[in-house]
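Keep in mind that this is a model prediction, so the values were computed, not measured.
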Amino acid sequence: DQRTTIRNPLSGTRLAILEVLAESGQLGLESKELQSRLQISRQLLSHHIKELHTTAMIEPAQHSKRAWRASPQGREQLIQSRALHDVPSV
C-alpha cells in the first residue's frame, strides 16, 4: 500500500544500510564490513538488520551466513525513498 510507504519512508540508519547493500551488488556484505562502513555498534546493526530482514528489504547473501544483500523489494523501496526525499517542501 503506497499510503504506508509515504507515512513510513525508509530513513536514517536503515536507509544507510540499504544503500550500502544496494551498492555492494549481488555479493552483498558481511555484517562486520557493514558495521565498519557505517561506524555503528554491533547491537544497533543487528537490530536494524533484523527489521530490514523481517520486512523483506534485505536477504541473506549466498556466500556466507553472516552476509546480507538488498532484495529486489528493498531496491524498489530504496528508489521510492530517494524519490520521496528529493521532493521539495511546499
Side-chain angles (χ1 to χ4, degrees):
D1 187 21
Q2 283 193 345
R3 288 177 291 181
T4 303
T5 301
I6 291 170
R7 276 190 297 232
N8 300 312
L10 200 56
S11 63
T13 303
R14 291 183 192 164
L15 179 60
I17 292 169
L18 196 55
E19 284 179 337
V20 170
L21 289 176
E23 289 171 4
S24 72
Q26 290 298 326
L27 289 178
L29 289 173
E30 295 217 4
S31 296
K32 202 162 196 95
E33 178 64 22
L34 266 173
Q35 181 185 349
S36 174
R37 286 190 187 191
L38 297 171
Q39 295 294 298
I40 59 176
S41 71
R42 181 182 53 80
Q43 295 86 351
L44 183 61
L45 178 63
S46 178
H47 166 74
H48 287 299
I49 289 289
K50 178 182 173 192
E51 293 300 317
L52 287 167
H53 185 242
T54 299
T55 57
M57 297 294 148
I58 63 172
E59 58 193 16
Q62 295 178 357
H63 67 79
S64 169
K65 45 182 189 177
R66 287 187 289 271
W68 298 94
R69 66 182 179 195
S71 68
Q73 181 178 336
R75 291 177 188 278
E76 180 60 34
Q77 185 66 40
L78 184 58
I79 292 166
Q80 290 178 10
S81 285
R82 285 177 179 158
L84 284 174
H85 291 297
D86 289 342
V87 175
S89 300
V90 183

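Between P72 and E59, some side-chain heavy-atom pair lies under the 4.5 Å cut-off. Between I49 and L34 there is a side-chain heavy-atom pair separated by less than 4.5 Å.
With sequence neighbours excluded, the residues that form a side chain to side chain contact (heavy atoms under 4.5 Å, CB included) with T13 are I17, I40, H48. Residues satisfying the salt bridge (Lys or Arg N to Asp or Glu O under 4.0 Å) test with E30, not counting sequence neighbours, are none. Residues satisfying the salt bridge (Lys or Arg N to Asp or Glu O under 4.0 Å) criterion with E33, sequence neighbours excluded, are R37.
Atom CE of M57 and atom OG of S81 lie 8.0 Å apart (nearest 0.5 Å). Here the NE2 atom belonging to H47 is positioned 9.0 Å from the CG atom belonging to L52, to the nearest 0.5 angstrom. Remark: L45 CG to K32 NZ distance equals 11.0 Å, nearest 0.5 Å.
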Give every donor-acceptor pair under 3.5 Å between a side-chain atom in residues 21-28 and any protein atom, sequence neighbours left out.
residue, atom, partner, partner atom, Å
S24, OG, L21, O, 2.7
Q26, OE1, R69, NH1, 3.3

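Across all their heavy atoms, S41 and Q35 have their closest contact at C-NE2, 4.0 Å. Taking both residues in full, the closest heavy atoms of A70 and L18 are given as CB-CD1, 3.8 Å, listed atom of the first, atom of the second, then distance. Taking both residues in full, the closest heavy atoms of S71 and A56 are given as OG-O, 2.6 Å, listed atom of the first, atom of the second, then distance.
Pairs of residues two or more places apart, or lying in two chains, never qualify as side chain to side chain donor-acceptor pair (under 3.5 Å) while including a residue from residues 49-58.
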